[in-house]
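Notes for the one structure printed next.
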Amino acid sequence: MLNSARRAALCVLTGIGLTVGAVPSASADVVGPCGDTTICAGHGWTATAQPPGSGGSGGGGDSGSNTCSWNGETVPCWRDDLGWFSEGCYYRLASPQPLESEDVWDGRTSKDGAIYDRACLGNEAPGAVFLASPPAGMRPRTPRQLAFDALGKIEIGLRELHVAPKTDAVVGSPVWLWFDPARDFTGPLSGTVHAPDYDVTTTVTLKQVIWHVDDGPAGQGRVTDVVCDDAGTPFTAGGTPSCSHTFTASSAKMNDHAYTVTVSLLWRVTAHTSTNVDINMADFTWRTDLDKPVLRIPVNEVQVLN
């Protein structure tokens with residue numbers, strides 16, 4: 001039995017009648033499912049990644065097209081979670097490759113071929129197979145596509161978000177916004193994937209923090225985005241905040257008499273191969289969103305008597 005944790009998560013893929021072991025991919029709109037510390041929907045984080053030109057094509061017949069045909073059915077030629085389509089099945093190179101002592105090699109070695117993850121249309125169970133050469137129509141992932149695969153392997157820690165003052169904020173006075181800085185939350189953080197001839201490593205560093213503050217009238221859904229360039233400055237009496245927001249009205253009319261604050265992180269993305277070739281990721285910024293409220297701030301209005 002293969003000892004790869006990648007095959008542990010199961011999902012039902014609609015549209016082609018197939019139940020397979022799914023591998024999260026960062027080139028999809030939402031990354032998930034995943035472990036407890038991966039940026040993904042499974043841990044309250046949604047990662048938005050729409051890489052330019054990341055779609056695959058070819059394989060299984062209609063070379064150069066985004067769709068393929070099999071027994072009168074139209075299917076995608078490439079799926080981020082499954083790989084290339086060829087002759088009724090999806091294939092992707094298993095990464096990492098199983099130990100050559102495992103049964104799937106059947107006495108062969110990497111000199112004879114490679115192990116591929118296969119998921120076929122119909123009722124055949126998904127699994128790993130040895131192939132002496134890549135399936136017909138299968139094209140190798142480009143370095144840029146592999147960079148997005150590596151992005152999906154990046155894990156972050158979670159940090160508590162802070163505001164000050166927390167319970168006695170007042171209209172017209174700045175409220176400090178910050179979280180505890182740590183390398184496992186602000187970066188640089190890296191993930192690596194393996195290709196037959198080289199590895200690709202993707203690295204992210206925190207670019208901006210966006211605090212979404214619902215400080216509009218109750219029921220109108222207005223949100224103010226406070227954009228900061230760092231994790232913010234911890235509160236000190238007499239100090240100056242590097243990230244703050246000034247409320248212009250009390251929270252008396254809001255739900256629970258408090259404003260709601262959520263957070264998004266924007267990450268700068270770089271990537272390179274193990275052969276020291278840089279991969280151009282300059283046109284892509286990764287955004288991760290905390291998809292549930294994390295802070296509620298009651299804001300009072302000070303009455304001044306003349």
Side-chain angles (χ1 to χ4, degrees), residues 1-28 31-35 38 40 42 56 58-61 68 70-71 73 75-143 145-155 191-202 273-275:
M1 183 173 66
L2 298 181
N3 56 2
S4 174
R6 296 182 305 107
R7 304 181 182 93
L10 295 179
C11 69
V12 177
L13 299 174
T14 60
I16 60 173
L18 182 63
T19 301
V20 300
V23 180
S25 170
S27 56
V31 178
C34 65
T38 304
C40 70
C68 295
W70 180 252
N71 291 338
E73 185 175 7
V75 298
C77 291
W78 167 264
R79 291 185 56 142
D80 286 337
D81 52 353
L82 299 176
W84 291 102
F85 184 77
S86 178
E87 302 296 324
C89 298
Y90 283 95
Y91 295 86
R92 68 184 307 153
L93 186 69
S95 178
Q97 289 281 284
L99 298 176
E100 292 183 356
S101 58
E102 296 192 40
D103 293 341
V104 68
W105 288 97
D106 194 23
R108 305 177 185 90
T109 70
S110 57
K111 295 180 180 180
D112 304 309
I115 304 300
Y116 294 82
D117 291 326
R118 180 177 67 180
C120 299
L121 303 185
N123 297 323
E124 183 177 348
V129 295
F130 169 85
L131 296 176
S133 59
M138 184 174 181
R139 303 175 188 177
R141 298 280 273 165
T142 66
Q145 289 171 331
L146 290 170
F148 284 101
D149 291 344
L151 182 64
K153 294 180 176 292
I154 293 177
E155 297 182 347
T192 299
V193 296
H194 306 285
D197 299 322
Y198 55 87
D199 297 340
V200 171
T201 298
T202 298
T273 70
S274 56
T275 55

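Everything numeric here is computed off the predicted structure, so don't read it as measured data.
Here the straight-line distance linking atom OG of Ser133 with atom CG of Asp112 works out to 12.0 Å at 0.5 Å rounding. Atom CD of Glu87 sits about 10.0 Å away from atom SG of Cys68, to the nearest 0.5 Å. To the nearest 0.5 angstrom, Leu146 atom CG is 11.0 Å from Thr201 atom OG1.
Looking at every heavy atom in both residues, Asp117 comes nearest to Ala128 through OD1-CB, 4.2 Å. Scanning both residues, Tyr91 and Cys89, for their nearest heavy atoms gives CE1-CB, 3.6 Å. The minimum heavy-atom distance between Val193 and Lys153, with the atom names listed, is CG1-CE, 3.3 Å.
Looking only at atom types and distance, the side chain of Ser110 has a donor-acceptor partner in the side chain of Glu100 under 3.5 Å away.
In this structure, Phe130 and Trp105 have tilted ring planes: the angle between them lies in the 30° to 60° band.
Looking at Ile115 and Arg108, their side chains never come closer than 4.5 Å, going by heavy atoms from C-beta outward.
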Could you give me the CA-CA distance, side-chain angles and deciding distance for Arg79 and Tyr90, then say whether side-chain contact (heavy atoms from CB on, under 4.5 Å) is met? CA-CA 8 Å; Arg79 291 185 56 142; Tyr90 283 95; 3.6 Å; yes
Leu121 vs Phe85, side-chain contact (heavy atoms from CB on, under 4.5 Å): CA-CA, chis, key distance, verdict: CA-CA 10 Å; Leu121 303 185; Phe85 184 77; 4.0 Å; yes
Just do the side-chain contact (heavy atoms from CB on, under 4.5 Å) check on Trp84 and Trp78 with the steps written out, would you? CA-CA 5 Å; Trp84 291 102; Trp78 167 264; 3.6 Å; yes
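Ser86 places no side-chain N or O within 3.5 Å of a backbone atom of Pro135 that could act as its donor or acceptor partner. With hydrogens and angles ignored, the 3.5 Å screen pairs a side-chain donor or acceptor of Gln145 with a backbone N or O of Thr142. Thr202 places a side-chain N or O within 3.5 Å of a backbone atom of Ala147 that can act as its donor or acceptor partner.
By the 4.0 Å N-to-carboxylate-O rule, Glu124 lies close enough to Arg118 to be salt-bridged with it.
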